[in-house]
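In what follows, a single structure is set out as structure tokens and then discussed.
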Amino acid sequence: MRPLARTFAVAVALIVVPQAGLPALADPAEPAPPAVRDFGNGPERNEVAAGTPGEASALRGAPSEERPYGWSHDRGYPRRTRLPLPPENPADASIKLGLVPYHGIAPKLNDLQWRGDRVSAEIIGSSAQGRDLYLVTVTAPESAAQAREQARIRERIENDPAAAARDRKLARTYKAPIFVNGNIHGNEWEGADAALRTIEQLATSTDPAVTDLLKRTRLYFNVTANPDGRVNNARQNGAGFDLNRDFVTASQPEVRAMRQIMIDTQPVAMLDLHGYVNGTLIEPTTPPHGANYEYDLFITNTYANGLGMEAAVNGLGYTPAKDGVEPAQIPFRDSAEGWDDWPPIFTPQYAPFHGAVAAHTVEIPLRVNGSVYDQTPAEELRRRSAVNTDVAAAAIRATYGFVRSRHDRLIADQIEVFRRGAAGEPSKPVPLGIVPGFGPEDVYTTTFPRAYVIPAGSGQRSATAAARLVDHLIANDVRVERARSSFRSGGRTYPAGSYVVDMRQPKRGLANVMLEPGADISPRVDAMYDISGWSHALLWGATVEPVSSLRAGTVPVKVAAPTGSVPRAPGPLALRVGDAKEVRALNDLLAQGVAVTWNGGTAIVPASARHAATTVAEHHGVAFTPAGGHAGTSSGAEAGTSAGPGAGAPLGQVRIAAAASADELFTLRELGFPVTPVSTAVLNAGFDWSGIDVLYVSSGLSHAALNPAARTALEAFLAGGGVITRGQTGARFNTDAGLLTATTVPGRGDANGVVRTVSSGGPVGGGSPAHSFVYSPLWFTGLGPDVTVEQSYAADGPLVSGHWRPDAQGAGGPDAARGQAAVVSGRDERGAAVVLFGTEPMFRNHPKGLFAQVARALYWSSSVTGATVTTP
Ligand SMILES: [Zn+2]
């Protein structure tokens with residue numbers, strides 16, 4: 001047993017749990033990330049295009065927006081692309097390590113493409129800061145006809161796996177795809193350099209084994225998955241996101257590019273190259289294991305390749321005494337728990353859903369980042385980086401050797417993954433001892449429903465959210481259909497137009513891992529590496545229902561049907577703000593200066609703004625209703641509102657000063673709020689509050705550390721300003737600034753997951769979903785008489801899925817949170833309008849269905865204080 005170097009020191013208010021010793025999020029006071037992309041999946045139309053996916057697709061153009069770069073199935077190899085050369089950047093952090101700077105990659109790839117006929121480079125996307133992403137393919141030359149034949153086989157393996165399994169010639173013809181992902185964490189550099197070295201060796205080798213390899217495989221290299229971080233000496237991309245936590249959400253362009261690589265190339269094996277763990281860490285992982293994989297196939301191949309990589313790495317001859325390099329370790333074999341493959345947020349835990357039957361994180365050994373980067377002489381750093389590059393290259397070499405030697409079997413196992421899915425076979429328990437050490441603690445299974453139904457008929461409260469979820473599933477290559485007529489299942493009648501996710505499909509594992517509620521794994525393991533709960537069904541705002549039978553006439557869906565509408569009758573319009581897209585639409589109207597009235601969760605838009613409303617309805621797929629007596633009839637009752645013209649308070653654009661984590665800044669901007677990042681230092685330097693309506697505090701702002709001038713300025717703002725807080729840092733700010741009377745009770749710091757909640761009809765809680773997400777949950781007791789409970793943790797549970805235990809003293813567990821206030825609001829004596837969140841409604845941009853709750857807090861607080869009406 002070799003315990004892994006990791007801790008559970010979850011820093012308060014940090015969103016990302018750092019790997020041991022690695023820096024977490026960038027300081028919120030750092031320069032703002034670039035402007036965010038359009039929130040939706042493209043402009044929408046009012047016309048309902050149910051059942052006509054081609055037409056809807058043509059109207060909206062969503063696929064081309066989602067995938068602006070063409071990876072062709074039709075061109076032969078090599079595909080020489082003269083890559084544009086980025087400007088030289090002497091500040092590139094790679095240079096100090098003696099590694100290839102980002103601007104040096106394109107020239108090298110251009111050279112290699114024209115030095116032989118084995119290397120192709122393509123631009124497959126663009127980073128958050130606008131840097132090109134390069135996919136390199138190394139293979140023996142193929143004519144266009146041969147490339148099309150490879151594409152046909154790939155498509156057949158996925159979509160007709162039973163026939164593919166019977167085809168004995170298939171494996172003889174098919175080139176096994178291998179995917180090597182380098183440098184996804186920007187300050188774990190050497191995976192990219194090892195990829196470049198390997199590409200060059202394969203391109204120029206005269207070894208017959210290499211010639212044979214390239215005839216039987218295609219090797220795909222995403223040379224640097226995170227060019228922003230590579231240049232900036234940062235783990236995260238330019239938007240501050242840890243890309244290796246984003247695969248279920250795909251909020252970042254780099255992750256969408258990686259996802260598309262996996263869908264298009266369908267690798268049988270993949271490597272994700274990281275640092276730094278000494279000795280080199282090579283997956284497979286400890287329990288808990290994701291329950292939606294075909295784990296018998298996965299563990300057999302992944303463990304075998306893990307052993308091969310270990311031998312290759314140890315075979316380099318580096319020693320602890322001479323080089324400071326410890327022998328490699330394999331968590332599955334060498335540790336009890338703490339390095340798991342439970343959440344599919346990591347690259348190698350996402351790839352198996354697209355057919356990878358061997359997938360690994362590899363952590364190369366010698367630390368060169370963090371404080372080591374700053375404090376170690378360049379010569380020593382370069383020695384370490386050279387060792388690390390050797391180790392990463394050895395892992396790549398071992399993997400392609402493994403695929404060459406196990407070529408037919410890996411292809412057969414990938415076919416079997418898809419075959420079981422398409423046949424709808426039950427989850428297969430893995431036999432104990434299938435590989436040495438595979439015990440009862442390793443067995444995780446699930447029960448697949450027959451299908452999931454996502455109702456989305458017109459007038460449905462969640463039609464907008466349903467469309468977003470459907471488009472997300474499709475972008476993940478999950479098959480979605482639409483019912484042509486109403487159908488019955490499980491005693492319920494679903495209307496025509498309901499979306500159906502038939503679980504008899506090749507990628508049913510991916511469908512299920514997103515649509516199932518998840519599981520409470522607290523009893524089974526002591527410690528988890530990262531999050532344990534997520535759920536697109538419970539957190540994305542759409543209604544998702546598992547059904548045990550399916551008899552429905554359906555048509556395939558390529559893109560969700562448009563959901564935007566404006567009533568025909570003239571007059572004022574109402575927009576109930578229950579979804580992120582409704583927030584975005586409202587913010588677009590406010591940015592145009594439309595005179596909006598805010599009435600308890602519903603925005604009232606004057607008849608004169610009909611044209612603007614029609615535009616945002618189309619663009620964001622939101623539905624306006626008549627604002628007269630009918631305002632919000634479909635939803636107003638549950639939101640506790642009855643809006644009419646003239647009711648409510650004027651609402652202007654809400655300008656936010658935010659001391660927040662990067663994912664919160666990103667989400668607030670994505671929602672269309674103007675956001676100015678602040679921190680203790682920024683306020684102490686003399687901050688101009690005149691253009692700010694609401695202060696958001698979750699990270700990097702301490703009231704106690706403010707200087708007298710900053711406190712005076714803050715006090716002036718608080719007299720009639722708005723404050724929203726989240727987490728411990730926010731709650732402490734509330735206490736220190738003397739805002740709401742409330743006592744903050746922290747749950748266990750590493751607890752996280754999906755929780756059941758009960759909402760009040762208050763201005764913030766009204767209309768909220770029945771679930772929320774927590775990480776280091778908080779609740780509020782000892783509430784003052786003027787404090788309103790907006791949302792509580794449910795008395796049953798509250799944990800639905802995730803990991804949440806009491807601490808060693810028995811405190812801070814889910815039992816203690818039952819019925820407690822999770823979100824509260826109130827006015828303080830100065831007149832400030834304050835909302836405190838004990839939940840995580842914007843966590844890593846994932847819980848789309850919760851974003852509107854934060855927005856309602858912002859609208860409420862600025863409208864009751866009248867902050868925004870003074871804005872011209
Ligand atoms: Zn890493």
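First listed ligand is number 1; within each ligand, the first listed atom is number 1.
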Looking at Leu271 and Val362, what are the two nearest heavy atoms and their distance?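 Here Leu271 and Val362 meet closest at CD2-CG2, 4.1 Å.
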Tell me, which N, O or S atom in [X] is closest to the Zn ion (ligand 1)?
X	value
His185	ND1
Glu188	OE1
His274	ND1

Residue list, side chain to side chain contact (heavy atoms under 4.5 Å, CB included) with Ala194, at least two apart or on another chain: Thr389, Ala392, Ala393, Ile396
Would you say Asn183 and Arg230 are linked by a side-chain donor-acceptor pair, where the criterion is simply a distance under 3.5 Å? yes
Glu190 and Tyr276: side chain donor to acceptor below 3.5 Å: yes
